[in-house]
Amino acid sequence: MKKLISLMLSCVLILGLTACGSNTGTSEETSTASTEAASTSENSEAEKEDSGDALELTMYFPVSVGGGPDALIDALCKEYHEENPNVIINPVYAGSYADTRTKVQAAIKGGNTPDMAIMFSIDLYSLLAMDAIVDIDSFCKTDEDKAWLNGFYDGFMMNSRDGETTYGIPWQRSTIVLYYNKEAFKEAGLDPETPPATWDELADYAKKLTVTDGTNTTQYGIEIPSDGYAYWMLQTFCTQQNGFNLMNDVGTETYYDDERTAKGLKFWKSLAEDGSMPEGIVAWSTTPSDFIEGKTAMMYHTTGNLTNVKDNAKFDFGVAMLPACETNGSPTGGGNFYIFKGVSEERQQAAFDFIKWMTDDERVAQWSIDTGYVATRPSAYETERMKKYAEEFPYCLVARDQLEYGYAELSTYNQAEVQKAIDDAISFVMTGQKDVETALEEAQKTAEGILAPYR
């Protein structure tokens with residue numbers, strides 16, 4: 001059965017690769033969540049006829065990158081049912097991470113609480129404020145369970161715990177990496193095996209890689225998305241200043257108006273001011289396709305798009321850690337499993353068992369290979385399949401190695417509104433509506449007002 005599933009996953013990837021994202025961080029939203037849910041329901045009803053009184057669990061799941069992860073999840077859920085006939089997992093594809101957050105919160109408030117979900121790791125404090133999630137530690141009663149829980153990368157646990165208590169289990173996790181077109185490097189007289197390692201080199205390379213035809217730019221040197229996950233990109237320029245981050249580690253303060261935040265945003269903006277990057281908003285959704293189509297020679301994007309780029313780029317490309325200021329640095333990102341309160345203990349235990357099954361070393365390794373996300377457990381890189389893949393495609397290790405310089409992604413109480421404040425500030429700066437200092441001061445004032453009740 002596992003060989004069959006592996007073959008299915010390969011076929012899915014070949015047939016299902018599409019462009020990534022949208023301006024709200026979505027990707028493959030070719031149908032509405034309600035249509036997807038209805039399709040899932042129809043499939044589950046057919047399965048139910050064959051499985052008697054199996055326990056059916058609902059799992060909300062976001063789709064935020066290319067590569068057909070929704071179909072991969074379908075295949076894994078079916079495999080789990082084959083091995084565990086008494087349990088059916090019904091995935092509901094809810095759109096972007098932001099859409100998934102909204103729909104899960106609405107379901108909870110409406111008394112239709114799902115059993116579990118894969119949601120932003122940064123949703124932790126908002127879910128705690130709702131008293132919506134159970135702690136994972138309470139399920140780990142055996143030495144085997146405790147060893148499993150302690151087996152994830154520390155960098156991914158920064159957005160998975162509140163203090164010493166674990167609430168999220170890392171699944172589709174990432175760091176931001178630099179993708180670069182080696183053929184474009186050669187044409188620009190740059191060494192294709194030596195990507196930029198510093199901010200100064202990035203600016204220099206981006207300028208040299210920009211190609212114009214009169215007043216028309218036919219190839220930009222760099223694209224860094226400034227919508228959807230704009231705050232995440234800004235964090236790269238912050239953490240590279242000796243680990244400075246945009247917030248504290250308990251979700252109650254932001255540092256939007258810090259001079260280091262301003263320094264990072266000014267450098268980012270300067271890439272557009274000198275013509276190396278498109279002016280205005282650079283869309284999350286189109287940046288990968290621009291890179292694949294040769295419209296930009298370099299891009300910052302999630303490693304979750306690695307397989308998409310690998311399978312669709314018609315040129316030799318490279319992947320590197322992000323260029324540094326004083327130090328290396330990248331925020332981690334992506335989604336965690338959560339188990340919800342408001343459902344029976346039997347259902348919670350079944351959800352926990354499924355999450356443990358999903359995060360088995362072999363499945364974590366295969367998920368990383370199939371999508372480009374970082375395998376969330378060091379032991380997954382010791383599996384034979386991952387060793388073989390890394391030997392064939394060593395760029396799959398870049399995001400993992402960058403975890404040495406990984407920092408928590410922006411996460412606060414009332415996440416959506418606090419995040420919107422800085423995203424709006426970045427938009428104002430990139431579109432020339434406000435200067436850096438004014439935009440950041442206003443964002444900080446807004447965030448302080450939102451977070452005041454939580455201090």
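When all heavy atoms of D423 and A230 are compared, the closest pair comes out as OD1-CB, 3.6 Å. Considering all non-hydrogen atoms of both residues, P225 and T287 come closest at CG-OG1, 3.7 Å. Of all non-hydrogen atoms in G264 and Q241, the two that sit nearest each other are N-NE2, 3.9 Å. Residue A425 comes nearest to A439 through the heavy atom pair CB-O, 3.5 Å, listed as atom of the first residue, atom of the second, then distance. Across all non-hydrogen atoms, the minimal contact from T210 to S276 is OG1-CA, 3.4 Å. Contact record, A272 with P278: CB-O, 3.7 Å, taken as the closest heavy-atom pair.
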Taking it one step at a time, do I136 and I339 satisfy side-chain contact (heavy atoms from CB on, under 4.5 Å)?
CA-CA 8 Å; I136 303 298; I339 300 174; 4.0 Å; yes
Checking side-chain contact (heavy atoms from CB on, under 4.5 Å) for the pair V319/F317: CA distance, chi angles, key distance, verdict?
CA-CA 7 Å; V319 182; F317 72 94; 3.7 Å; yes
Take W171 and Y373 through the test side-chain contact (heavy atoms from CB on, under 4.5 Å) and record every step on the way to the result.
CA-CA 9 Å; W171 172 244; Y373 283 111; over 6 Å; no
Full working for side-chain contact (heavy atoms from CB on, under 4.5 Å) between Y60 and Y338:
CA-CA 10 Å; Y60 277 68; Y338 296 97; over 6 Å; no
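No side-chain donor-acceptor contact under 3.5 Å links T302 to the backbone of I176. Between the D137 side chain and the T166 main chain, a donor and an acceptor come within less than 3.5 Å of each other. No donor-acceptor pair closer than 3.5 Å links the side chain of Q419 to the backbone N or O of L410. Looking at T307, its side chain does come within 3.5 Å of a backbone N or O of I369 through a donor-acceptor pair. Looking only at distances, no side-chain donor or acceptor of T438 sits under 3.5 Å from a matching main-chain atom of D435. Within the 3.5 Å criterion, the main-chain N or O of L322 finds a donor-acceptor partner in the side chain of Q402. Here the side chain of D162 pairs no donor or acceptor atom with the backbone of T165 at under 3.5 angstrom. Using modelled atom types, one side-chain atom of T218 and one backbone atom of V211 make a donor-acceptor pair closer than 3.5 Å. Put simply, the side chain of Q415 never gets that close to the backbone of Y125: no donor and acceptor are under 3.5 Å apart. The closest donor-acceptor contact from the side chain of T303 to the backbone of L306 lies at 3.5 Å or more, if one exists at all.
Remark: K310 is positioned above the aromatic ring of F393, its terminal NZ or CZ atom under 6.0 angstrom from the ring centre and at most 45 degrees off the axis. For the pair R400 and Y381, the cation-pi test (distance below 6.0 Å, angle within 45°) is passed.
Two residues are said to be in side-chain contact when any heavy atoms from C-beta on lie closer than 4.5 Å; E193 and K182 meet this criterion. With contacts defined as side-chain heavy-atom distances shorter than 4.5 Å, the pair Y220/V282 does not qualify. No side-chain heavy atom of Q240 sits under 4.5 Å from any side-chain heavy atom of Y405. A heavy-atom distance below 4.5 Å is found between the side chains of E409 and W232. E382 is not listed as a side-chain neighbour of R377, based on a closest heavy-atom distance of 4.5 Å or more. Counting only heavy atoms from C-beta outward, the side chains of V418 and L451 approach each other to under 4.5 Å. When side chains are defined from C-beta on, P62 counts as touching I118, because their heavy atoms get closer than 4.5 Å. In this structure, W367 and Q172 have side chains that are in contact, with non-hydrogen atoms separated by less than 4.5 Å.
Heavy atoms from other residues, nucleotides or ligands lying under 6.0 Å from CD of E279 number 12 at most. Within a 6.0 Å radius of CG in N216, more than 12 heavy atoms belonging to other residues, nucleotides or ligands are found. Residue K388 qualifies as open at atom NZ: its count of foreign heavy atoms under 6.0 Å is 12 or below. Counting heavy atoms of neighbouring residues, nucleotides and ligands inside a 6.0 Å radius, atom CG of D143 does not exceed 12 of them. With a 6.0 Å radius and a threshold of 12 heavy atoms from other residues, nucleotides or ligands, E391 has its CD atom at or below the threshold.
Remark: the D361 side chain and the S379 side chain contain an N/O donor-acceptor pair separated by less than 3.5 Å. Looking at N305 and N308, their side chains do bring a donor and an acceptor atom within 3.5 Å of each other. No hydrogens or angles considered: nothing links the side chains of Y256 and E442 as a donor-acceptor pair under 3.5 Å. There is a side-chain donor-acceptor pair under 3.5 Å between N336 and S160. Side-chain contact, D200 with T198: no donor N or O sits under 3.5 Å from an acceptor N or O. Under the 3.5 Å distance criterion, with hydrogens and angles disregarded, a donor-acceptor pair is assigned to the side chains of T252 and N248. Side-chain N/O atoms of Q444 and E448 include a donor and acceptor closer than 3.5 Å.
Between W148 and F352, the distance separating the two ring centers is shorter than 6.0 angstrom.
T446 contributes atom OG1, which lies 9.0 Å from atom NZ of K420 (distance to the nearest 0.5 angstrom). Between the CD atom in E259 and the CD atom in E437 there is a gap of 10.5 Å [rounded to 0.5 Å]. Note that CG of L72 is 7.0 Å distant from CG of L76, once rounded to the nearest 0.5 Å. In this structure, CD on Q105 lies 6.5 Å from OG on S126, to the nearest 0.5 angstrom. Between M119 atom CE and F340 atom CZ the span is 5.5 Å, to the nearest 0.5 Å. Residue I73 holds its CD1 atom at 6.0 Å from OH of Y93, rounded to the nearest 0.5 Å.
Using cut-offs of 30° and 60° for the angle between ring planes, the Y255 and F244 rings count as tilted. The aromatic rings of Y229 and Y231 sit perpendicular, their planes meeting at an angle over 60°, well past the 30° parallel limit. Ring geometry, Y413 versus Y454: the interplanar angle falls under 30°, so the pair is classed parallel (tilted spans 30 to 60°).
Exactly one residue among D227, L265, I224 makes a side chain to side chain contact (heavy atoms under 4.5 Å, CB included) with M430. That residue is L265. Only one option out of F291, Y179, W284 pairs with H301 in a ring pair (Phe, Tyr, Trp, His ring centres under 6.0 Å); it is W284.
With sequence neighbours excluded, the residues that form a salt bridge (Lys or Arg N to Asp or Glu O under 4.0 Å) with D258 are R260. Partners of D290 according to the side chain to side chain donor-acceptor pair (under 3.5 Å) rule, which considers only residues two or more places apart in sequence or in another chain, do not exist here.
Between E201 and K208 there is no salt bridge, since no side-chain nitrogen of the basic residue lies less than 4.0 Å from a carboxylate oxygen of the acidic one.
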